[in-house]
Amino acid sequence: MRPRDLDRASAIDKALTEYSIDSRNLPGISRPEERHALVEQIIESLRRVEFARRLGESDISPRRGDPADAMFDPLRAAILRMRQGETDEAYWLVYLFIYFGRHPVGGWSYVRRIYGALGARPWWTWAEVAVNPAQFCEWMLDHQADIRDGARSGFGNHRKYESLRKVGDGVESYVRWVAPPRAHDELFAAARERHNGDPRAAFGYLYKSLLRVDRFGRVATFDYLCMVGKLGFSQIEPDTPHLGGATGPLRGARLLVGADMSPSQLDQILLDLGAKLGVGMQVIEDSLCNWQKSPNRFRPFRG
DNA sequence: CAATCTCGTGAGTAAAGAAA
DNA sequence: TTTCTTTACTCACGAGATTG
């Protein structure tokens, strides 16, 4: 662990111990091995979350926004667009970033080829897709072979069961969700207003509706909304870890708190725990998922 | 010695079934 | 009706087994 994290680690360790004495027993970390492994996972998760926040404030080369350039990066492209006031394009790029993820070998090649329309013009910008999603759908079906490039392309780890065949349907469904000519920021602003500007309530409301979008299950929905919040596109933040329908994080939560609890009970307990630790629900969700894979020994998440 | 097939694994989404 | 659990399905990948 890095020296600068040591203080934070000992504070979290202490808070965990206090919580398990004062508030609720945490059988999964009664031994120091387990507790230390969890603390390290929490530190790692904090680092990942803070990386996205910092990225939103850092200098970014314009080449990151150009799908014709090998340096293209959908997340950085989203930030650039937002800075230029192109909010719909920014949200669309976050969606694409989540939908495809980064392949360990192929990197962003899927997003790059699709967003950049395989070098043709115009690119598949939000303006193009929103007006005619059916045309995008057709283009996707026609160009699957050109987009694919063996081992040098593919979906990211979290999206490994997706396929190019389904992308058209997914995108069509997402376009219906945004419902142009309504803009993304109108949708998010309405969600916030509906809940008096409460970032958590707005998140919960958006989560429920986005979950109905095709090919956007629990993980994609949660990650997309978290990213929108972290980049500051909209003032929202996860209200709970949303363990309903989860696999890894739910297993982790049951290991930590107790096997006989339902996802919604665990959501509430973890909300309380997160407040005591001073960490957000994405950190809780992410760290429990990684911890659960190896509860008694810290293993960094790679992928 | 390949090339191909066949599981098993891992971590998602969707839908059906069960419970509250 | 909503929530939770279970089951099925998807896709890439690697290890072994099978085939040519």
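Chain letters run A, B, ... following the sequence lines, proteins first, then strands; residues in each count from 1. Below, all heavy atoms of this structure are taken into account, side chains as well, without hydrogens, waters or symmetry copies.
- Of all nucleotides in DNA chain C, those with any atom nearer than 4.0 Å to a heavy atom of chain A start and finish, going 5' to 3', at C:dC4 to C:dC13.
- Residue contacts for A:Lys208: at a heavy-atom cut-off of 4.0 Å it reaches no nucleic acid atom on any strand shown.
- Atom-to-atom, CZ of A:Phe155 to C1' of B:dG12 comes out at 12 Å; the value is rounded to the nearest Å.
- Here the straight-line distance linking atom CH2 of A:Trp108 with atom OH of A:Tyr115 works out to 14.5 Å at 0.5 Å rounding.
- B:dA15 atom C1' lies 16 Å from atom CZ of A:Arg212, rounded to whole Å.
- The separation between A:Arg218 atom CZ and B:dG12 atom P is 8 Å, rounded to whole Å.
- Note on A:Arg254: only backbone sugar-phosphate atoms sit closer than 4.0 angstrom, heavy atoms only; bases stay farther off.
- Atom C1' of nucleotide B:dA15 and atom CG of A:Asp214 are separated by 13 Å, given to the nearest angstrom.
- Between A:Tyr91 and A:Phe188, the angle of the ring planes stays under 30°, which puts this pair in the parallel group of the 30/60° scheme.
- Interatomic distance, CZ of A:Arg63 versus CG of A:Asp66, reported as 9.0 Å (0.5 Å rounding).
- Classification of A:Lys14 and A:Glu18 as a salt-bridged pair holds, one side-chain N sitting under 4.0 Å from a carboxylate O.
- Between A:Lys293 and A:Leu211, the residue anchored closer to the 5' end of DNA chain B is A:Lys293, taking for each the nucleotide with the nearest heavy atom.
- Pairs engaging residues 260-273 of chain A under the salt bridge (charged side-chain N to carboxylate O under 4.0 Å, His left out) rule: A:Asp272-A:Lys276 [sequence neighbours left out].
- Residue contacts for A:Arg251: at a heavy-atom cut-off of 4.0 Å it reaches no nucleic acid atom on any strand shown.
- Look at NZ on A:Lys160: it is 8 Å from C1' on B:dT9, rounded to the nearest Å.
- In this structure, A:Ser173 contributes its side chain and A:Asp169 its backbone to no donor-acceptor pair below 3.5 Å.
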